[in-house]
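The structure appears right after this line, and notes come after that.
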Amino acid sequence: MNTEQYELNKNLAQMLKGGVIMDVTTVEQARIAEDAGACAVMALERIPADIRAAGGVSRMSDPAMIRSIQEAVSIPVMAKVRIGHFTEAQILEAIEIDYIDESEVLSPADDVYHINKRAFRVPFVCGARDLGEALRRISEGASMIRTKGEPGTGDIIQAVRHMRGLQHEIRHVHGLREDELYQVAKDLQVPFDLLAEVAEKGALPVVNFAAGGIATPADAALMMQLGAEGVFVGSGIFKSGDPVKRSRAIVEAVTGYQDPILLARLSENLGEAMVGINEQEIALLMAERGV
Amino acid sequence: MTIGVLGLQGGFEEHTKMLKRIGVNSFEIRDSSHLNREMDGLIIPGGESTVMGRLLHSRNLFGFLKDMISEGLPVFGTCAGLILLAHDIEGQESPHLGTLPISVQRNGYGRQLGSFHSYQTFAGLGRIPMRFIRAPYITSCGCNVRPLANHEGRIVAAESDTCLVTAFHPELTEDPRVHAYFIHKIDPAFSLTSEELPDSARWNLSSA
């Protein structure tokens, strides 16, 4: 990938800021998401809650299913590939996906190497729990970062932990001297130049969204107040009682995250939220995949 | 000089930064209470037009903004902002604000792999950098709308007396001349200092 394409890919993420990216499994859900104001959709065969329930190996979705969603909506369409599975990524690039999520939600294909994302023209978003993971993914060519959270649980605790941790580390390096940054780059196992850029700007060099466990308008607004530039909502919408109402409310909450009176109104009568699983109750921590 | 920047979704922060760079104050508009502030012009940023179109209604901004623009509030729309201002959107039954008599083709260059960067001539400014991100283009200009720039025969910037639209994103470049062009439309006395100009273009607006 040339530098120019990488800049264009970072630019697309900039245009998604302040928006909600929704997981959808059917054309009908994709249309509901677009009508509700999603800034992009993530096309996948099973949402994380069902992947978690079904167990077994979880892979890239059927390209025919992804294409049907591309034809149904005018907003960007994203799709997931397994960590390290560069052939799945080649397939998604061939069908002109707008963004690839190299995702820990699917079963990892490689327990050592991530995809060399610089070898692609299509943009990638990757999950990160902390600054080290974020900068390693960016170094590999990711043009957007999201927190990992704990997908398919409806439990926000991990997304909060990852976002707080990441922001804390950014604030910390922002105040360091250049000679100190060499040591931090070594500790975090990240390229010095990327770290120096974070230290200078006091921000990641790419857009950073929150993902994993967001189920309510309040969850979305919490993540925005903690520094997210937008949110991914996976199981939270189509596993709830009233997906239309809930998806619209989450879209509005991301724009009006600083307005508690609005958030109170948005939180009213949303019907049943997705049934949550507590962090302690789950056997498989997806966030630990791909460090 | 104060500019309101629609802050519902998308790249609004990039616009406020560019305005700051050329010494123009701005504030974000997220709901109708923010319209009580005085503003000399409005910027509608890039993002997703379907999202902003929906939020304009739910945040009770649609009617107010449409009236203000119709009554002559200067407005600058980039990418999705252009789509929101267009009177006709190809293949779509109804427009959004629809205040500018142009027709547009959404996603005119296809998906993200069709996004590109180019240098083209912008009327009165010379060659400027243009970043097209899943961009639209203008298929026709109606009464009193002048094309300002083309890319391979397609219109990618246009203006009326009070409105400026670009299919590309000047706010994503280091070149402030298109923003200065908009401010100059509002206040003919405004010009960039030579320090504010990119090295590639020591050009003065007042001489245009």
Side-chain angles (χ1 to χ4, degrees), chain A residues 2-5 7-21 31 33-41 70 73-78 92-100 120-123 143 203 207 229-230 247-249 251-259 261-262 265-266, chain B residues 6-15 17 28-31 33-34 45-61 78-81 83 89-92 105-118 129-136 168-169 171-173:
Chain A
N2 60 37
T3 321
E4 191 50 61
Q5 185 66 38
E7 289 303 314
L8 293 166
N9 291 344
K10 286 205 290 189
N11 288 160
L12 176 57
Q14 284 174 278
M15 292 306 137
L16 299 174
K17 285 191 299 182
V20 182
I21 300 167
R31 291 206 177 107
E34 183 176 42
D35 287 346
C39 68
V41 291
Q70 285 176 312
V73 297
S74 65
I75 55 179
V77 177
M78 304 182 166
L92 291 185
E93 183 170 65
I95 64 166
E96 294 205 31
I97 202 78
D98 289 299
Y99 241 99
I100 292 176
F120 290 80
R121 290 185 63 230
V122 73
S143 46
V207 166
E229 296 179 281
S247 54
R248 288 181 180 182
V251 168
E252 274 205 64
V254 167
T255 293
Y257 69 94
Q258 295 153 313
D259 181 350
I261 295 168
L262 172 72
R265 183 170 63 72
L266 294 173
Chain B
L6 192 65
L8 296 175
Q9 189 267 326
F12 50 88
E13 215 184 339
E14 287 77 359
H15 279 286
K17 280 184 187 157
E28 285 171 13
I29 299 169
R30 287 169 184 262
D31 64 49
S33 70
H34 299 153
E48 280 301 319
S49 61
T50 52
V51 180
M52 285 190 257
R54 176 164 181 83
L55 289 168
L56 277 174
H57 287 282
S58 62
R59 317 269 31 233
N60 195 27
L61 283 164
T78 58
C79 195
I83 294 165
I89 304 169
E90 305 283 349
Q92 206 166 305
Q105 177 66 52
R106 285 188 66 201
N107 299 333
Y109 302 89
R111 305 182 188 283
Q112 173 62 7
L113 289 174
S115 293
F116 62 101
H117 178 76
S118 177
M130 298 184 181
R131 304 188 73 76
F132 294 84
I133 310 295
R134 283 174 51 95
F168 52 91
H169 294 276
E171 77 282 10
L172 295 179
T173 71

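Each chain gets a letter, A, B and so on, in the order its sequence line appears, and its residues count up from 1. Atoms considered below: every heavy atom in the structure, side chains included; atoms not considered: hydrogens, waters and symmetry mates. Keep in mind that what you see is a predicted model, and the values were worked out from it rather than measured.
Note: Gln112(B) CD to Leu12(A) CG = 4.5 Å, rounded to the nearest 0.5 Å. Here His117(B) contributes atom NE2 and Glu7(A) contributes atom CD; the two are 10.0 Å apart, rounded to the nearest 0.5 Å. Put simply, CD on Glu4(A) and CZ on Arg131(B) are 4.5 Å apart, with the number rounded to the nearest 0.5 Å. We find the CD1-CG distance between Ile75(A) and Asn107(B) to be 10.5 Å, quoted to the nearest 0.5 Å. Of the inter-residue distances, the one linking Glu252(A) atom CD with Asp31(B) atom CG reads 10.5 Å to the nearest 0.5 angstrom.
A donor-acceptor pair is defined here as one N or O able to donate and one able to accept, closer than 3.5 Å; such a pair exists between the side chain of Gln9(B) and the backbone of Met15(A). The backbone N or O of Gly256(A) lies less than 3.5 Å from no partner atom in the side chain of Arg30(B), so there is not a single donor-acceptor pair. In this structure, Asp98(A) contributes its side chain and Arg111(B) its backbone to no donor-acceptor pair below 3.5 Å.
When all heavy atoms of Leu8(B) and Thr255(A) are compared, the pair lying nearest together is O-OG1, 2.8 Å. Between Val51(B) and Cys39(A), the shortest heavy-atom distance links the atoms CG2-CA, 3.7 Å. Annotation for Arg59(B) and Asp259(A): closest pair NH2-OD2, 4.3 Å, computed over non-hydrogen atoms.
Using a 4.5 Å heavy-atom cutoff, the side chains of Pro76(A) and Arg134(B) are in contact.
Under the salt bridge (Lys or Arg N to Asp or Glu O under 4.0 Å) criterion, Glu90(B) pairs with no residue, sequence neighbours left out.
For Ala40(A), no part lies near chain B; criterion is any non-hydrogen pair under 4.5 Å. Within the 4.5 angstrom heavy-atom criterion, atoms from both the backbone and the side chain of Glu93(A) approach chain B.
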